[in-house]
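A quick write-up on the structure given underneath.
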There are 2 protein chains.
Amino acid sequence: MQGQADQRESGSARVAESLAIAIHEHRLSPGMKLSEDEVGEIYGVSRTVVRAALQELAHDRLVELKRNRGAFVAQPSVKEAREVFEARSLLEPRTAKSAAERATPEDIKILQKHIDEEHAALHAGDTGRALHLSGMFHVEIARIADQSTVADFIAQLVSRSSLIIALYWQRRTALCESHAHDALIKALARRDGAAAEELMKHHLLDLLTSLDLRDQPSVPKSLKEALN
Amino acid sequence: MQGQADQRESGSARVAESLAIAIHEHRLSPGMKLSEDEVGEIYGVSRTVVRAALQELAHDRLVELKRNRGAFVAQPSVKEAREVFEARSLLEPRTAKSAAERATPEDIKILQKHIDEEHAALHAGDTGRALHLSGMFHVEIARIADQSTVADFIAQLVSRSSLIIALYWQRRTALCESHAHDALIKALARRDGAAAEELMKHHLLDLLTSLDLRDQPSVPKSLKEALN
DNA sequence: TGCGCTAAAATCGTATACAATGACGTAAAC
DNA sequence: GTTTACGTCATTGTATACGATTTTAGCGCA
């Protein structure tokens, strides 16, 4: 995702990406322990490459490395959650504006495909995959803006947002938020930068307010973690 | 820098920080090869920890990892240089505004100390250290804004800016740019958020325009690299 | 039963060893 | 003289081994 450009995907990059997707799709929950031996056995690689992968994920704040204790799927605090969306609100609206001013018909097609797949996944009941694709939509917009540096940051923030949603999402809002993406793609298609910027800004605000950020640090999986 | 919070600084973190500072201070030039054996011998550690450190630096885009070829101090392209300053212009002005609204007298003292040390280093002829301290000033402002997520991004962008300056700085501007930081600190001291935002915006613009971003990709150290 | 101590088991941090890939120099052919 | 093929060397990628730290289970005792 944010790794350096390897022509042939290195072992650690493959493991890191697989784990990252699993986290995005909420198949790995916040707080879960990622034992080096266990992960290595699953992917058929040695602890060396697993450690490299975990370090990469730790750098993206998707896992937390505790010295001599191991790697755990990160559990963003309420403060961190607010910070992530604050950072996104600084980066994404302006980036959406740039994207709107540069979007080609092919770009629009790719975005539309993302949305279609997202709807399909949602219809199939695979909310995890739908969430993942929803995030990819944001990253794709940054890519269209031809700002790979900002795109990397946004990709990282989207990843962390996935963890934040896993922890703080309020169940009552049934309809995920597909309308926002539809409106965005329309603004991009007609190259309306100002509209895209405004839509993205409100979309992020809606996302933030749909979270329940009232203090409860997390939902610990076991009593021990609760009392740690 | 952006690593996970380790209570006791791990070996790789120590090596990575030392290398990062050396890069910030322009003691390691863009394009230089960082042999694992060599670095390991210097710091008295094995290649295992050196590799971890290099991977961390690669994630921050300070070094470039070429598969089966090794690690090299990064040589940001002109496009990357523009992207870095574009990202900074998205993040730093608003962050400076937040910092101004939150700055305590102690914060101002710390910032002033940074400036003083910077001036002292400059006076002592240690331009490398002055440049490093100048970057730390920007990171410190983000820290004052109490936005650690954004602060991490800014820290990474400042690091990369150091490399960009090493490659594209125009020598003719003698006076580094100390006035800008002085003006900023004054705005922060009187809690003038709007002024701080505007000052930071122009400061970054000045920095960008003081670079010579006309295409020459770099100054290769040897003929071979030139023809690679 | 509950608490504290001890020891064993598990897991991580680092070093070393081996395999694989690319770099470089030499030599032969055109 | 230039170029290409090959062999050797150096350097990285991965696996394994060992020591250090933490966790946990067992045991005795209050």
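This is a predicted model, so every value here is computed, not measured. The chains referred to below are lettered A, B, ... by the order of the sequence lines, with proteins before strands, and numbering in each begins at 1.
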Distance in angstrom units between [X] [atom1] and [N] [atom2], rounded:
{"X": "B/R14", "N": "C/dG13", "atom1": "CZ", "atom2": "P", "result": "16 Å"}
{"X": "A/N68", "N": "C/dC12", "atom1": "CG", "atom2": "P", "result": "10 Å"}
{"X": "B/Q55", "N": "D/dG13", "atom1": "CD", "atom2": "C1'", "result": "12 Å"}
{"X": "B/K66", "N": "C/dA23", "atom1": "NZ", "atom2": "P", "result": "10 Å"}
{"X": "B/E36", "N": "D/dT14", "atom1": "CD", "atom2": "P", "result": "11 Å"}
{"X": "B/L65", "N": "C/dG22", "atom1": "CG", "atom2": "C1'", "result": "15 Å"}

>> Quick check on contacts: within residues 37-47 of chain A, what sits under 4.0 Å from DNA chain C by heavy-atom distance?
In response: A/R47

> Only one of B/H119, B/H203, B/H181, B/H114 forms a ring pair (Phe, Tyr, Trp, His ring centres under 6.0 Å) with B/F137, so which one is it?
Replying inline: B/H181

> DNA chain D: B/L34 or B/T48, which has the more 5' nearest nucleotide?
Replying inline: B/L34

> Centres of the A/H132 and A/H26 rings: under 6.0 Å?
Replying inline: no

> Which part of the nucleic acid does B/S12 contact within heavy-atom distance under 4.0 Å: base, sugar-phosphate only, or nothing?
Replying inline: nothing

>> What verdict does the side chain to side chain contact (heavy atoms under 4.5 Å, CB included) test give for B/L208 and B/L204, after you've listed the backbone C-alpha separation in whole Å, the side-chain angles of each residue and the deciding distance to 0.1 Å?
In response: CA-CA 6 Å; B/L208 178 59; B/L204 290 172; over 6 Å; no

Can you tell me if [X] touches the phosphate of [N], counting only side-chain N or O atoms and a distance under 4.0 Å to OP1 or OP2?
{"X": "A/R51", "N": "C/dC12", "value": "no"}
{"X": "B/K33", "N": "D/dT12", "value": "yes"}
{"X": "A/R69", "N": "D/dT23", "value": "yes"}

> Looking at the side chain of A/R67, which of D/dG13, C/dC12, C/dG13 is the nearest nucleotide?
Replying inline: C/dG13

> Only one of A/E140, A/R143, A/Q112 forms a side chain to side chain contact (heavy atoms under 4.5 Å, CB included) with A/D107, so which one is it?
Replying inline: A/R143

> Can a salt bridge be assigned to the pair A/E106 and A/K109 using a cut-off of 4.0 Å between side-chain N and carboxylate O?
Replying inline: no

> Would you say A/K79 has more than 12 foreign heavy atoms packed within less than 6.0 Å of its NZ?
Replying inline: yes

> So which heavy atom on B/S161 is nearest to which on B/V84, and how close?
Replying inline: OG-CG1, 3.7 Å

